[in-house]
Amino acid sequence: MPQLAPDPDAAALARDPGALAARLCEAHPEAAASPDAVRVVFAPGRVNLIGEHTDYNEGFVLPVAIDLGIAIALVPTDDGIARLTLAETGETRQFAVAAPGARRGSWVDYAAGMGWAMAGAGLPVTGFRGLLASDLPQGAGLSSSAALEVASAWALAGGERPPTEPMRLVHLVQRGENGYIGLNNGIMDQFASVFGEAGCALLLDCRSLEHRAIALPVDGLALVACHSGSPRRLEASAYNERRAQCEAAVAAIAAIEPGVAALRDVTPAMLEAVRGRLGDVAARRAQHVVDEDRRVLDTVAALGAGDLAEVGRLFYASHASLRDLYEVSSPELDALVAIARATPGVVGARLTGAGFGGCTINLVRRDAVPALREAVLRDYPARTGLAPRVFEVEASAGARRLA
Ligand code: GLA
């Protein structure tokens, strides 16, 4: 297999489709033989403003697709083999697109899982030679997996046009994650990666699948992700466990309230009435989800009314609930939120994504971004012994063909 030298500036290639296509031709002779057939596709990562661990409870989420993501330059082939090279390391992995076989325990599983899910759903999949470049930090809770899956789905469909209808793609990605990767996650991450809109957050009702773009007050406000630099501990098992605890809570509540099919259906009054029958853990998990759904709708209303103080209050309440009731925060994420909260000009801060490490999302007055960056870089290492990373991100469009 051709070997490509690692590229120290691979992240820049994610933004430069011409250069990525040229590098593909160096890596794979099939691309060099037909450079006009090369396509470049891109899928973004996301931050979630609020609505954490609500998606698989059929509730509400408010994610934002960001301007960091994964690009794949590819040329389709007719051999049924996807051979994909990582620009950053030069490593090449391959799989049979329609029958990828067992997981390998590497990044390529996310691409292979899409072949498995798409072929399983009867969608045509093509072999390809590809080169992948990413400027999205991995394992940071910014949905690098969803970005890789969505970009891979485009590549497996030839790169010319979207692989299928957008909401069907969202569900195929979930099928790949649940059935191939083994993470029982919801639909928020890939929904954001597919449906992203510049300058907007996306309010999604995870039951009806209705969604609408919520314009962000772009003028004075910035979105800042702070990466804790801590590995996401026990993520898959703890995540699947949370989901199972929510299902157990639903079963216990439904025994008394037969109309309840998901935590989405539980009102605060109902929860009070059945609390004694739920174990302590189930009651706390359910309380988080019931309150968090409300907070999403309240955040949308507060953004609409320009009430940033209320948005901030909701962000901090969400974080506290994830820490105390849902128990998915970490001392590092708590430290980042505390530092942000003490910084004038920060509207709100909370952990974003699954938790267990990864990033916080901060809504910050633009002129206060340098102060937040400084405070995090100064205080966080002293509190945790870890090196943080601070990224200002922009609300951006969803997956698309770049060339
Ligand atoms: C991960 C999952 C999502 C969602 C979040 C928590 O990002 O992939 O489906 O459940 O955690 O809100």
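Atoms within each ligand, like the ligands themselves, are counted from 1 in listed order.
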Check each atom of ligand 1 against the heavy atoms of Tyr56 and keep those under 4.0 Å away; list them by number with element. 10 (O)
Ligand-side contact atoms (ligand 1) for residue partner Asn185, heavy atom cut-off under 4.0 Å: 2 (C), 8 (O), 9 (O)
Is the ring pair Tyr180/Trp116 parallel, tilted or perpendicular, if the boundaries are 30 and 60 degrees? tilted
Which segment of Arg46 sits under 4.0 Å of ligand 1 when only heavy atoms are counted: side chain
So does Gly358 get a backbone contact from the side chain of Ser228, meaning a donor-acceptor N/O pair under 3.5 Å? yes
Would Asp79 and Arg129 pass as an ion pair if we require N to O under 4.0 Å? yes
Under 3.5 Å between some N or O of ligand 1 and some N or O of Glu52? yes
What residue and atom, counting heavy atoms only, is the protein's closest point to atom 1 (C) of ligand 1, and at what distance? Asp189 OD2, 3.6 Å
Which of the numbered atoms in ligand 1 are below 4.0 angstrom from a heavy atom of Met188? 4 (C), 5 (C), 12 (O)
In terms of the angle between their ring planes, are Phe95 and Phe128 parallel, tilted or perpendicular, with boundaries placed at 30° and 60°? perpendicular
Any idea how Phe191 and His211 line up, ring-wise: parallel (<30°), tilted (30 to 60°), or perpendicular (>60°)? perpendicular
Can a donor-acceptor pair be found, under 3.5 Å and without considering hydrogens, that links the side chain of Asp55 to the backbone of Ile187? yes
With heavy atoms of Tyr239 as the reference, note each atom of ligand 1 found under 4.0 Å away. 1 (C), 2 (C), 3 (C), 4 (C), 9 (O), 10 (O), 11 (O)
Which of the ligand 1 atoms, numbered from 1, are nearer than 4.0 Å to a heavy atom of Gly353: 6 (C), 11 (O)
With heavy-atom distances below 4.0 Å as the criterion, list the atoms of ligand 1 near Gly186. 9 (O)
Run the numbers for me: atoms of ligand 1, each under 4.0 Å from some heavy atom of Asp55, listed by number. 3 (C), 4 (C), 9 (O), 10 (O)
So that I can tick it off, tell me whether Asp379 and Arg383 are bridged by a salt bridge, with the cut-off set at under 4.0 angstrom between side-chain N and carboxylate O. no
